2 protein chains.
Amino acid sequence: MKALAEPRGAAGVRRRLSEVIGAAAKVFAKRGYHGASTQDIADVLGIRQASLYYYFDSKEAALEAVCREGHEAYVERLLQIARSDATSSEKVAQVLLHHAAPERLDFTLVFLRERRFLPGPARRRIRALELRYERAIQRIVEQGIRSGEFRSDLDARMTTLALLGLGNSAAAWYGREADVTPERMLRAYIDLLVRALGVRH
Amino acid sequence: MKALAEPRGAAGVRRRLSEVIGAAAKVFAKRGYHGASTQDIADVLGIRQASLYYYFDSKEAALEAVCREGHEAYVERLLQIARSDATSSEKVAQVLLHHAAPERLDFTLVFLRERRFLPGPARRRIRALELRYERAIQRIVEQGIRSGEFRSDLDARMTTLALLGLGNSAAAWYGREADVTPERMLRAYIDLLVRALGVRH
DNA sequence: CCTCTTTTCTATTGTGCTATAGAATCGAGT
DNA sequence: ACTCGATTCTATAGCACAATAGAAAAGAGG
């Protein structure tokens, strides 16, 4: 009893897989990896629990797919920002905006909270993606320091982690209180960060 | 077959309960609430799984106890800081130091990550504690703004959340990389925060 | 309409986990 | 030594879940 029959061309295959991964992301984000059952995921898709195993060998494989798909889009977009010719402050602002964007929030939250439950090999694979991301941000910070736009006494590594930490905490906050909108939060965070990093005039 | 027989006076009762809660905190922090079994907790204590139910009515009750015990100590210490006659900047620094102190890290991490799995009523009880904590920090920020020590255009609420977010992200980072020590991290974070909040000279 | 591939289904197996019931043991005070 | 409450134990019920096997259905292409 599927909701809607869709034409299934060579691209439709890929799309369906994305839907399944998206459903897993949604459920893992809501209930946590261990708290979520494969039945929960199947319910979102309107299919039977066992049918999921056509797409994944195991629940853990589903978690890895969510982490990977979520993060790959992230890295790509980040490298775009890094390559642009904006000032370092603008880049920092864009990174924060993008990092804590409320669009693919499910993927972000699963990555943040659940990746640690991946088995060793998978965790190392995901960690490799993560390092690329962190290093790209760190290069933006270092570039800002070299150009004199940021203070010269910054610890670039710690500054990077602070930027990430702020972004992550923003993402974790959405939806908890009505008056804490993403816009208000990100504006304030960007303002704080830019002032903390910039040289004094 | 207990590891060590201890004298069990009127205070020993309380201590034993704390040990049990501490074991739960340790296990929940490591494996996550849903990923941890009551057997895991019993193993840490060297007792049988069923014996835990002498202390708790349910696994959920154990989670609430961990969240409560962890947070009560927090609030207490925070109010001390708030009452002191340090400058606002010093207070902010102390709050961050205390919030991300690596001592009772298990409790902190469980509170951060697992409290959302509490059932409605328990979650509301814990949320009440949380609000006291947030408001106490917010008062410190507001006081700094009023006294002219901090910028007057700060959004006190968002600044509070940023402070908490940085603290939380610091706590979440410990132990992931050797060269990221709590000292280095907290020093950098405090430096960033104080510069972000302070008026320019 | 037939065939082949893709996708979903039914049915089930085995495992691990929370929680309960009631018995045994411990330990302090008398 | 005896008693009584506090603490831990054995044993088990009962459920939820991940995963497998193999049959059915749904499309696409000829």
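Only a predicted model underlies this, so the values are computations on that prediction, with no experimental measurement involved. In what follows, every chain begins at residue 1, and chains take the letters A, B, ... in the order their sequences are listed.
Considering only side-chain N and O atoms, A/Tyr53 lies nowhere under 4.0 angstrom from the phosphate OP1 or OP2 of C/dT8. OP1 or OP2 of C/dC9 lies within a sub-4.0 Å distance of a side-chain N or O belonging to A/Ser51. Contact annotation: A/Arg48 side-chain N/O to C/dA11 OP1/OP2 distance is not under 4.0 Å.
Each of D/dA19, D/dT8, C/dA19 was ranked by its minimum atom distance to the side chain of B/Ile47; first place goes to D/dT8.
When the P atom of C/dC17 is taken as reference, atom CZ of B/Phe56 falls 19 Å away, rounded to whole Å. Here C/dT7 presents its C1' atom at 13 Å from CD of A/Glu19, a figure rounded to the nearest Å. Distance A/Leu63 CG to D/dA19 P: 12 Å, rounded to the nearest Å. What separates CD of A/Glu60 from P of D/dA18 is a distance of 11 Å, to the nearest Å. One can place CD of B/Gln39 at 13 Å from C1' of C/dA19, the figure rounded to the nearest angstrom. The distance between atom OH of A/Tyr55 and atom C1' of D/dT20, rounded to the nearest whole Å, is 18 Å. As rounded to whole Å, 9 Å separates atom P of C/dT7 from atom CZ of A/Arg16. With rounding to whole Å, B/Leu52 atom CG is found 14 Å from D/dT10 atom P.
No donor-acceptor contact under 3.5 angstrom links the side chains of A/Gln94 and A/Glu90, judged on distance only.
Using a 4.0 Å cut-off on heavy atoms, the residues of residues 21-37 of chain B that approach DNA chain C are B/Ala36, B/Ser37, listed by number.
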Show me the donor-acceptor pairs, under 3.5 Å and distance only, between side chains in residues 60-67 of chain A and residues at least two apart or in other chains.
residue	atom	partner	partner atom	Å
A/Glu64	OE1	A/Arg125	NH2	3.0
A/Glu64	OE2	A/Arg68	NH1	3.2
A/Glu64	OE2	A/Arg125	NE	2.8
A/Glu64	OE2	A/Arg125	NH2	3.3

Could you pull out all donor-acceptor pairs under 3.5 Å where a side-chain atom in residues 184-197 of chain A meets a protein atom, sequence neighbours excluded?
residue	atom	partner	partner atom	Å
A/Arg184	NE	B/Asp155	OD2	2.8
A/Arg184	NH1	A/Asp179	O	2.9
A/Arg184	NH2	B/Asp155	OD1	3.1
A/Arg184	NH2	B/Asp155	OD2	3.3
A/Tyr189	OH	B/Leu161	O	3.3
A/Tyr189	OH	B/Ala162	N	3.4
A/Asp191	OD2	B/Arg151	NH2	2.7

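Partners of B/Glu134 according to the side chain to side chain contact (heavy atoms under 4.5 Å, CB included) rule, which considers only residues two or more places apart in sequence or in another chain, are A/Trp173, A/Glu177, B/Arg127, B/Glu130, B/Leu131, B/Arg157, B/Leu164. A/Arg135 pairs by the salt bridge (Lys or Arg N to Asp or Glu O under 4.0 Å) definition with nothing, not counting sequence neighbours.
Counting heavy atoms from C-beta outward, A/Ile21 and A/Tyr55 have side chains that stay 4.5 Å or more apart.
Taking the nucleotide of DNA chain C with the nearest heavy atom to each of B/Thr38 and A/Tyr54, the more 5' of the two is matched to A/Tyr54. Residue A/Asp40 is the one, among A/Asp40 and A/Ala50, whose nearest nucleotide of DNA chain D lies closer to the 5' end (criterion: closest heavy atom).
A ring pair (Phe, Tyr, Trp, His ring centres under 6.0 Å) check over residues 127-161 of chain A, counting only residues at least two apart or in different chains, returns the pairs A/His71-A/Tyr133, A/Tyr74-A/Tyr133, A/His99-A/Tyr133.
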